[in-house]
Amino acid sequence: MNAVIPAAGYGTRFLPATKAVPKEMLPIGNKPAIQLIVEEAVAAGAERVVIVTSPDKPALRRHFEPDAVWHERLKNKPEADAEMFRIEELAKRISFVDQLQQRGLGHAVLQAEPALRGDKTPVLVLLGDALVDGSEPCACELARTADEVAPDASWVGLERVPMERVSRYGVITGDQIGANGRVYRVSGLVEKPSPEEAPSDLAIAGRYLLQPVIFDYLSTQIPGKGGEIQLTDAIMRSLEITGVFGFRYSGKRHDIGNPQGYLTALTSINPTILNS
Ligand code: G1P
């Protein structure tokens, strides 16, 4: 599979920290959040990783660039230099594309299409501000479940949220299937409904595994909620063609795009995530 990481947002919820440092570069232990997310994608089997960013955020590209100056500086410190080599290994799979206008999550994902053109493998989408802590990396658990249940369908990662918070999320209608109580056959998706309109408390939560036909739907997607091109709407339109399933993953998601969620992540995340 391939992976797309939307990371073009300005991080306004996190100002002033994000004035000069992109929110994806804020550290979780010794690694910037974006590196943990790339590592999760690679652990799940992503061969190519497209990071959708903005020319205003050069630090993301800079982080993954090979750097002879650092190697020279660390020539007597092999352990530290190993971290540099580790980044370079990841970087072999990474390409960057820019989203020049902020037109919504669906529009951001669509920007990755030229970099993946012609590839018929599923697309793992990992939101740059969602870090998931669990015994198995979230994308691995999602990909494994998809493989076991319906490898030809599109999948959304789910989390139960209190009804008063559903209006912050995409929400699904679905029937639970299978023995473990975590898999749902999805019959509808709606972006940011009011609690009164929401069909359930099952929110789409930062991870997707989509069939590549999603790019066709995104390229003709009209703006939806908030005047933005919504990924949720394009998945809804593809439902009849690919089938859509939901997976209520077992890890705990941290919204590291706001200071409170970031602090909670720092204090509660399992340190083994840093050694993956
Ligand atoms: C996006 C998606 C939404 C999803 C949410 C959390 O919204 O559009 O469907 O539930 O991420 O993963 P955003 O938080 O970017 O407004």
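Start at 1 and go down the list; that is how both ligands and their atoms are numbered.
- Of the options Thr232, Ile204, Leu231, the smallest heavy-atom separation from atom 4 (C) of ligand 1 is shown by Ile204.
- Residue contacts with ligand 1: Ala130 is excluded, as none of its non-hydrogen atoms falls under 4.0 Å.
- Given atom 2 (C) of ligand 1, the protein heavy atom at minimum distance is Glu191 OE2, 3.6 Å.
- The pair Arg13-Asp255 counts as a salt bridge, with a side-chain nitrogen and a carboxylate oxygen less than 4.0 angstrom apart.
- To the nearest 0.5 Å, atoms CD (Glu159) and NZ (Lys252) are separated by 6.5 Å.
- Heavy-atom contacts of Leu105 reach the following atoms of ligand 1: 1 (C), 2 (C), 8 (O) (cutoff under 4.0 Å).
- Near Gly206, meaning under 4.0 Å from any of its heavy atoms, are these atoms of ligand 1: 12 (O).
- In terms of polar-atom proximity, Arg168 is not counted as a contact of ligand 1, lacking any N or O under 3.5 Å from an N or O of the ligand.
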Which is it for Gln211 and Ser238 under the side chain to side chain contact (heavy atoms under 4.5 Å, CB included) test, yes or no, and what are the steps along the way? CA-CA 9 Å; Gln211 295 303 320; Ser238 72; over 6 Å; no

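- Under 4.0 Å is where a charged nitrogen must lie from a carboxylate oxygen, and between Glu89 and Lys92 at least one such pair does.
- Heavy-atom contacts of Leu127 reach the following atoms of ligand 1: 11 (O), 12 (O) (cutoff under 4.0 Å).
- Listed by number with element, the atoms of ligand 1 under 4.0 angstrom from any heavy atom of Lys192 are 7 (O), 8 (O), 13 (P), 16 (O).
- From Leu202, atom CG reaches atom CG of Leu158 across 5.5 Å, with rounding to the nearest 0.5 Å.
- For atom 10 (O) of ligand 1, a protein heavy-atom neighbour is found at a distance under 4.0 Å.
- Under a 4.0 Å criterion applied to the non-hydrogen atoms of Tyr169, ligand 1 contributes the atoms 6 (C), 10 (O).
- For the pair Arg61 and Asp98, the salt-bridge criterion is met [side-chain N within less than 4.0 Å of a carboxylate O].
- A salt bridge is defined here as a Lys NZ or Arg NE, NH1 or NH2 lying under 4.0 Å from an Asp or Glu carboxylate O, and Glu83 with Lys77 fails to meet this definition.
- Proximity to Gln230 (heavy-atom distance under 4.0 Å) selects the following atoms of ligand 1: 8 (O).
- Counting the atoms of ligand 1 from 1 in the order shown, those under 4.0 Å from a heavy atom of Ala205 are 12 (O).
- Glu88 and His71 share a side-chain donor-acceptor pair at under 3.5 Å.
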